Amino acid sequence: MRIPCPYCGARDAHEFAYLGDATVTRPDPAAPDAEDTFFDYVYLRDNPAGPHSEWWYHASGCRQWVRVARDTRTHAILGTELARKPAGDAA
Amino acid sequence: MSRLAKGGLVDRARALSFSFDGKRYSGLAGDTLASALLANDVKLVGRSFKYHRPRGIVSAGPEEPNALVELRAGARREPNTRATVVELHDGLIAASQNRWPSLGFDLLSVNGLVAPFLGAGFYYKTFMWPASFWEKLYEPVIRRAAGLGRAADGNDPDEYEKANAFCDVLVIGAGPAGLMAAREAARAGARVILADEDFLPGGRLNAESHTVGDEAGHAFAARLAAELASNPKVRIMTRTTVFGVYDGGTYGALERVSDHLAEPAPFAPRQRLWRIVAKRAVLAAGATERPIVFGGNDRPGVMAAGAVQAYANRFGVAAGKNLAVFANNDEAWRAAFDAAQAGIAVSAIVDVRETISPALTAEAERRDIRVIAGGQVIGTRGKTLSGIEVRHGGTTEALAIDTLAVSGGWSPNVHLTCHHGGKPIWNADIAAFVPGATPPGLSVAGAARGHFSLSGALRDGVQAGTAAASDLGFATATPEIPIADDAEPAIAAFWHVADSKGPAFVDPQNDVTAKDVGIAFKEGFRSVELLKRYTTLGMATDQGKTSNVTGLAIMAELTGAGISETGTTIFRPPYTPVAIGALAGHHRGKDFRPTRPTPTHEWAAEQGAVFVETGLWLRAQYFPRPGEADWLTTVNREVSAVRASVGLIDVSTFGKIDLQGPDVGAFLDRVYINGFSALAVGKARYGVMLREDGMVMDDGTTARLAPEHYVMTTTTANAAKVYQHLEFCLQVLWPELDVAIASVSEQWAQIALAGPRSRDVLARVVDDSVDVSNEALPYMGAIIGTVMGGIPARLFRLSFSGELGYEIAVPARHGETLARALMAAGAEFGITPYGTEALGVMRIEKGHVSGNELSGQTTARDLGLGRMASTKKDYVGRTMAGRPGLTDPERPTFVGFKPVDGTSRLRAGAHFLKVGAPADTANDEGYMTSVCYSPTLQHWIGLGLLKRGPERIGERVRAYDPVRGGDIEVEVCAPGFVDPDGEKLRG
Amino acid sequence: MRYSFLSILKNGLTGQSGWKPAWRDAAPKPSYDVIIVGGGGHGLATAYYLAKVHGIRNVAVIEKGTIGSGNAGRNTTIIRSNYLLPGNEPFYEWSMKLWEGLEQELNYNAMVSQRGVLNLYHSDAQRDAYARRGNAMRLAGVDSELLDREGVRAMYPFLDFDNARFPIQGGLLQRRGGTARHDAVVWGYARGADRLGVDIVQNCEVTGFLREGDAIVGVETTRGPIRAGKVGLAVAGSTSRVARQAGLRLPIESHVLQAFVSEGLKPLIDGVVTFGAGHFYISQSDKGGLVFGGDIDGYNSYAQRGNLPVIEDVCEGGMALMPRIGRLRLLRHWGGIMDMSMDGSPIIDATPVPGLYLNAGWCYGGFKATPASGWCFAHLLAKDEPHETAAAMRLDRFRTGHLIDEKGVGAQPNLH
Amino acid sequence: MTHILDTLPLTRLPAPGSYGRTGAPGVTVALREDVAAATLVARRGAGVRLADVVQARFGLTLSDGPRMAGDDALAVLGTGPGRWLTLAQTRPGLAAELASTLDGLAAVTDQSDANILFEINGPRVLDLLAKGATIDLDPEVFRPGDVAVTAIAHVGVTLWRPGEEIAYRALVARSFAPAFARFLIAGGAEYGIGWSRRG
């Protein structure tokens, strides 16, 4: 599998470490229902058969977390983007 | 000798000597082992898997089911090697396999006598009584009888390597379609790789007798290959099998670099695994000839028609002296004509079809070959073939022949198209499965797509090559399509001579007969997948290349469903078997994984260190001295020396992460359970970080070197994991934080100095400007300075041992110098290098948690670190750590242990039981995580996790260790055995 | 028909003409007491034990393809009960006990072969971890032995003891572990269930659930609606897909695990050996093929195939452990879709949806669990309470924190 | 036959000399340990100003991709978004100089001891690198000035092509350097390797 790293270009997947579902967002720890929302965040997954948004870390490359859209039925990569915009883009 | 007087693409000037089953023979350069054996009239070459029936050479390619040999000998022995693809070399040694005592007389062929009872699935129905007999009696017998060849006798002496290639267009197969595809893509300017499993490009052009334009087929192939070879953008890879299609246009290929030699040349690998990344690929892998199933069809001498043709045309070998053909298609007639042309007597062409092209019958007549239209072979005879029985027109007739060339038609080599789950589609017109959905970027051309004629293959190859190139944006010219002298061959689907004599083999290697397919049908194993699994059809080393379609066609006849509806099993990679060594490359032995030496490795080696693998690192484990009886003596000495005076150890393997920016403090507050934003500059603090699920991930000290500059240490094991976690937090969770991190693990060598005299030693290596007094560098202090005359250093007053201690970091190239300087400075104090064992002893004596406790199954509370957790802030893992299962007071919690009798040895991994309670899971109260012999206390001590441990100080529990015969009583105690109040640290 | 020496003899003499279908290819009835979704080993075993142990025979097993075409036919056939944690160990030991009597129970030779499972260790810490596990096994009444280096050498002298990057120090041996013929387990349970009246309905895919209020009262299928008192899911690999139709979101990800088989060989490796310094384990089938595997590929997948890096990683491990296999050839590799749960352990539990029961999350260890999984799921379905050996395998344990995390890697399925 | 790997050290860099096939070496490798290095990470929102200052003070253009600028005297390599590696052969105080110049614009971390630099040349250099690098190094694809942070034979490598010549530099973490050397020699033995150390 070749993942087009937004910074490095196409690289074999073995250069990356996989984390998983990128659709979940760390909830507000101060919210009253934090235990429920954290449970969802940490444990529950849509696990779709089809397009999946997921985190890959380019461990052997630019060390960026990359959000990869990938079809779990075919392994086709549908798109990639960096988790964080480069610092050069003035905030 | 059956070598023809002339012809063939062999080098008649280069004779090669080889042996088979100990007997010496001679072949020619350009031979395969199979062609050389046939040239020497060796027809019996192997025994079948189950019934040990005698078998001969069937094919001339990778589909060979029968002619499997053990190639080479000793540590280089390669079992199950197909003689049909082994390139002959001088001195080649081969032996038949799966026979005892000899190939000609195999005692296990008695299995054949009981064959009527050993039908498909019989194993599942018997050998069950009594139950205990399976492992003891039945299974060993089955295991010995099964299998084929024997593994090598020793470790593989040859090397393998891996390599990567990139191209625009990968063409798989250098037959007519492949050569044309490669030519067109290359002419358009694409980077092309043309790979072929054979050592000679050309494919069937070399085996048949067609002309292209006015050129002989093989000459045309050679000319085209030469043209391609001269193009710098083309790489021709012969002896290279593309075996698998993986994701992203990655193809696995095996190059047999040295298999055509007795042994690899110096510095050359035996084989090379290629990962080829191609934007487009053209599969031009040709087709494989199928048999027709009839009684006695496994007798040596029954061959594929195309193979007989290949042996005659390419190798100049007569597969027999007297030939008949049994076929259902036109192609086989050409094989018969080529054989006749080569001088082999052709007795008859038996074709199941009543109606045959007049052109063919005329040609047969011209060559004086008898034609039996509408005929079927119903039996064979001879140990090696001596005759066949033919049924035609209501009569049967015996023909005395020694070779029967069989053709049931051709199956496109669709294998690679299936590797992404594509299902082949039945094409009734050509009686073959053709590619269905193909992997992205892969197209198919030529016979692999069902275009069996040479003209069709050439045209298809041109089109595929052009399309691939233009798809990638290369400008393509109007292609020129060479003209060949043939048309698409006709075929009438025919699989199985239903009422023939004797066992009729569908899968000859696994001894699956037509009758076995019938049993599967009767018992309900009717889907192709169940048929395969129940009968083992197609699961032999040939992966069913010749048998799958025939088997499922017979099943389709039984069920009455069409072949199309029955479908086929899909082929899985690899296309042909691949040596495991090739997939490993150099990564075996010491090179399985990189070895990371510490900055002081050479120094430690000089000191006589014994090293231990710590992840990829090699660390000094202990430093034995002459006369020391065992490792424990050494470790005791090292510990005592540190506690009495001073010692040093390289701790460079800890992960070290530089953190800079205005938000570092806030960031660390979120990743550690305790606070860091308020840490004073020049101070260090111990921190614990959790995973988001609330379990402890790692611990270590982090120092604040400047207001916006911290340096974190991690455990050796978790260095990469923590760095990745921090990047996740910064890039994904809190991208707004202005924090830059950089690993400095390799930049800094770090040496720990421990013991009451450590300050004295340190004072002698720091430069004058650096004050290391208790006031200037107090416990948990961190300062920047220079050592050894201007070498920059970071000095931390930390202690893992419980003694007065420091860690000194210097740029890594100076690490060894620092070790030597410390040794010199500490000489008068008897400074002692110590290793990871002594380090471990001292941390257990001190009651620190370490890797054994940070198991990923423990919470901060479990480890007695719960009070460190801030209640005033959020941090990773805080919310989930509050779940009832993680805060249950019954959870095993960190405490110390000592043997009640004061002498017994403790063992990590022992479980704790209440004294007097039965030894069962219900009474399991925790386990010992770490133990050591404490030279300070003069007895064994341990750390562990015990239910409600801290409430049970002074209580006795059983430390139960049945796997090592241990069962002793231990006393629960506080985890700090030495200097529990930390006075030494602060002194 | 019963299999015996006599039946084989008779059929041998009559040209194998007397065999009957091993199970009926049933058409679905309108309604059942229990529907099991999934005709793999677990589903078939569940149906068998429902009928055999609990007398519930009005049962259908519904399979979208042919039985045994999922992970039951795509594993490396290992059976063992060498688990660490009390939430797992009694369950797997119960499974082992069922394996030990399975063939006589089913009158089907599944080639259960207890030739030993040996897990190698290469460091003191690993030894201690195996000691902890071996002792936990003993506490649960399970056999375990901690071997030293020489003990390992005596069993497998050809491992790399002399030039290894990570020298072998010893191993944890469970002699009762071994292998079983995976397809035969499926067929044996199918035949057994069929003989007790269970309908095995193939080529019947569940497309939805029939509901009455909150409760599930049956399934919609490609062969029409089928009503049921209870519906049990045993569709590991597809659990999330099927459960979503019932509105459930689960602590499960689907991952691909590759498996490998070599060409057939004369006996080389007697039992199961697991490398402790890399991802590699191996055994040899009765047909002679080396059956081996390693780590999961590590990314969500439903594709039933993996990629080269893991193939290479596995073979590197193989060559590091036993360098004489270099010239042996990989014959086939394939991928199965694993239900990777968030703590690496399975779930056998009722769901929050009345009428719907879950058997899932088997990670890469489902094969060995087949008998106990069926037994315990049948128990749950029949009695609406967990079997004692599966009581910890609850669905709500992730919320409460009563995790069963053997490896200690937390909520990251690809690391389990 | 003893393989060449069995003759190489595991924990040290190999001694200078010739390895593998005799005759003119197909690949030459020169090791340098005298190169100052520092990582440069732009502060949030300071990327543009950082580029301006680097341009003004050092005459180098910070690339926003995996490209290098400069030469042996001072080079800056893009290794990640907002992240560069600076290398200098004759500036032992590189990190300090950068830190003071770029204060507030970038985090500077001295890495002068973290890595070993391998200069890899010779007619078979691409054949050798192809045995480890899973990136396309075709000279028309991997152009002069291109940089790749990648992994070769389980070793992390920063690889770049300094100029038109088909020649490469590889920066490897100090503790992994012996393993990388083993990769180079094992793979290059069939071409003959000339091995030297500089600096």
Side-chain angles (χ1 to χ4, degrees), chain B residues 78 80 116-117 119 124-128 131 135 139 142-143 146-148 150-152 155-156 246-247 252 519 522-524 527 529-530 533 541 572 577-581 583-584 587-590 592-593 613 691 693 695 855-857 883-886 908-909 911 919-921 924 927 962-963, chain C residues 3 8 12 16 19 21-22 66 69 86 103-104 108-109 113-114 125 128 131-132 134-135 138-140 144 146 163 165-166 183-184 263-268 286-288 307-308 311-312 315-316 318-320 323-334 400-402 405 408-411:
Chain B
E78 295 154 33
N80 310 332
F117 306 101
Y124 306 124
K125 299 167 186 159
T126 183
F127 299 132
M128 290 178 274
E135 286 91 345
E139 192 182 38
I142 291 170
R143 284 170 82 87
L148 290 163
R150 297 163 300 159
N155 295 345
D156 192 340
Y246 301 94
D247 286 313
I519 295 174
K522 286 194 191 80
E523 297 194 289
S527 81
E529 206 39 59
L530 288 173
R533 289 164 183 268
T541 65
R572 297 205 177 100
V578 177
I580 292 167
L583 290 159
H587 300 296
R588 53 189 272 203
K590 293 290 186 196
F592 169 53
R593 292 293 177 262
E613 296 77 16
R691 301 187 307 233
D693 71 347
M695 298 294 180
S855 61
Q857 298 160 324
R883 286 177 287 171
L886 274 65
H911 285 244
D920 60 27
T921 306
D924 189 357
Y927 73 104
V963 293
Chain C
Y3 297 147
I8 289 169
Q16 307 282 0
W19 298 116
T66 52
S69 56
E103 292 152 322
Q104 288 66 36
Y108 206 83
N109 189 347
S113 176
Q114 294 177 290
D128 294 345
R132 177 190 172 197
N135 286 331
R138 295 282 193 96
L139 286 172
S144 69
L146 194 68
N163 189 42
R165 174 70 181 82
F166 301 101
D183 292 327
E263 296 178 344
L265 301 170
K266 291 298 177 195
L268 175 68
D286 285 343
K287 276 164 53 193
N307 275 293
L308 274 174
I311 299 167
E312 294 176 44
C315 291
E316 288 171 9
M319 284 297 283
R324 74 172 47 191
I325 65 172
R327 305 179 94 84
L328 305 179
R329 300 185 196 91
L330 169 66
L331 176 62
R332 261 195 320 276
H333 68 85
W334 63 93
T400 63
H402 294 93
D405 186 351
V409 295

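A quick note: this is a predicted structure, and the numbers were derived from the prediction, not measured. All chains are named by letter (A, B, ...) in the order of the sequence lines, taking the proteins before the strands, and each is independently numbered beginning at 1.
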Counting N and O atoms only, with roles assigned by atom type, does the side chain of B/D247 sit under 3.5 Å from a partner on the main chain of C/N307, one being a donor and the other an acceptor?
no

Using a 4.5 angstrom heavy-atom cutoff, name the option from C/A184, C/G410, C/G134 with the most pairs to chain B.
C/G410

Closest approach of C/L330 to B/I580 (non-hydrogen atoms, all atoms of both residues)
N-CG1, 4.1 Å

Kindly give the heavy-atom pair with the smallest separation between C/Q16 and B/K522, and that separation in Å.
O-NZ, 3.5 Å

Pick one of side chain, backbone, both or neither for B/F127, based on which atoms fall under 4.5 Å of a heavy atom in chain C.
both

Taking side chain as everything from C-beta outward and backbone as N, CA, C, O, which of these in B/S527 sits under 4.5 Å from a heavy atom of chain C? Side chain, backbone, both or neither.
side chain

Within 45° cone and under 6.0 Å: C/R165 NZ/CZ vs B/F592 ring
no

Where do B/A908 and C/A131 come nearest, in terms of heavy atoms and distance?
O-CB, 3.9 Å

Side chain from CB out, backbone as N, CA, C, O: work out which of these in B/R533 comes under 4.5 Å of a heavy atom of chain C, or both, or neither.
both

Need one label for C/L308: side chain, backbone, both or neither, based on atoms under 4.5 Å from any heavy atom in chain B.
both

Between atom CG of B/D924 and atom CG of C/L139, what is the distance when rounded to the nearest 0.5 Å?
5.0 Å

Report which part of C/D183 has an atom under 4.5 Å of a heavy atom belonging to chain B: side chain, backbone, both, or neither.
side chain

Value for CZ (B/R572) from NE2 (C/H333), rounded to nearest 0.5 Å, stands at 10.5 Å

Greatest number of heavy atom pairs closer than 4.5 Å to chain C - which of B/T541, B/D693, B/D920, B/V578
B/V578

Donor-acceptor pair, distance only, cut-off 3.5 Å: does the side chain of C/D405 make one with the backbone of B/Q857?
no

Quick one: of C/G288, C/A320, C/G408, who has the most non-hydrogen atom pairs under 4.5 Å with chain B?
C/G408

Which of the residues B/M695, B/E78, B/E135 is involved in the greatest number of heavy-atom pairs with chain C at under 4.5 angstrom?
B/E135

NZ-CG distance between C/K287 and B/L148, expressed to the nearest 0.5 angstrom
10.5 Å

Give, for atom CE of B/M128 and atom CD of C/Q104, the distance between the pair rounded to the nearest 0.5 Å.
7.5 Å

Of the non-hydrogen atoms in B/L583 and C/E316, which two are nearest, and what is the gap between them?
O-CG, 4.4 Å

Most heavy-atom pairs under 4.5 Å with chain C, out of B/R588, B/K590, B/K125, belong to B/K125

Find the one option among C/L268, C/T66, C/L328 whose heavy-atom pairs under 4.5 Å with chain B are most numerous.
C/L328

Contact winner vs chain C - B/P577, B/G524, B/A146, heavy-atom pairs under 4.5 Å:
B/P577

Between C/L265, C/I8, C/L146, which residue shows the highest count of heavy-atom pairs closer than 4.5 Å to chain B?
C/L265

What one should report as the nearest heavy-atom pair of C/G326 and B/A579 is O-CB, 3.4 Å

Check each atom of B/I519 against the heavy atoms of chain C and say whether the ones under 4.5 Å are side chain, backbone, both or neither.
side chain

Say you draw a straight line from CZ of B/R150 to NZ of C/K266; how long is it, rounded to the nearest 0.5 Å?
9.5 Å

Selection from C/P267, C/A125, C/A411 maximising heavy-atom pairs under 4.5 Å formed with chain B:
C/P267

Ranked by heavy-atom pairs below 4.5 Å to chain B, first place among C/A22, C/G318, C/G264 goes to C/G264

If you measure only the distance, is there a donor-acceptor pair under 3.5 Å linking the side chains of B/E529 and C/S69?
no

Assert top hit (heavy-atom pairs under 4.5 Å, partner chain C, pool B/R883, B/E613, B/R143) equals B/R143

So CD1 of B/I142 and CG of C/D286: to nearest 0.5 Å the spacing works out to 6.0 Å

Would you say that B/D156 contacts C/P323 through its side chain, given a criterion of any heavy-atom pair below 4.5 Å between the two side chains?
no

Heavy-atom closest pair, residues B/R691 and C/V409:
NH1-C, 3.4 Å

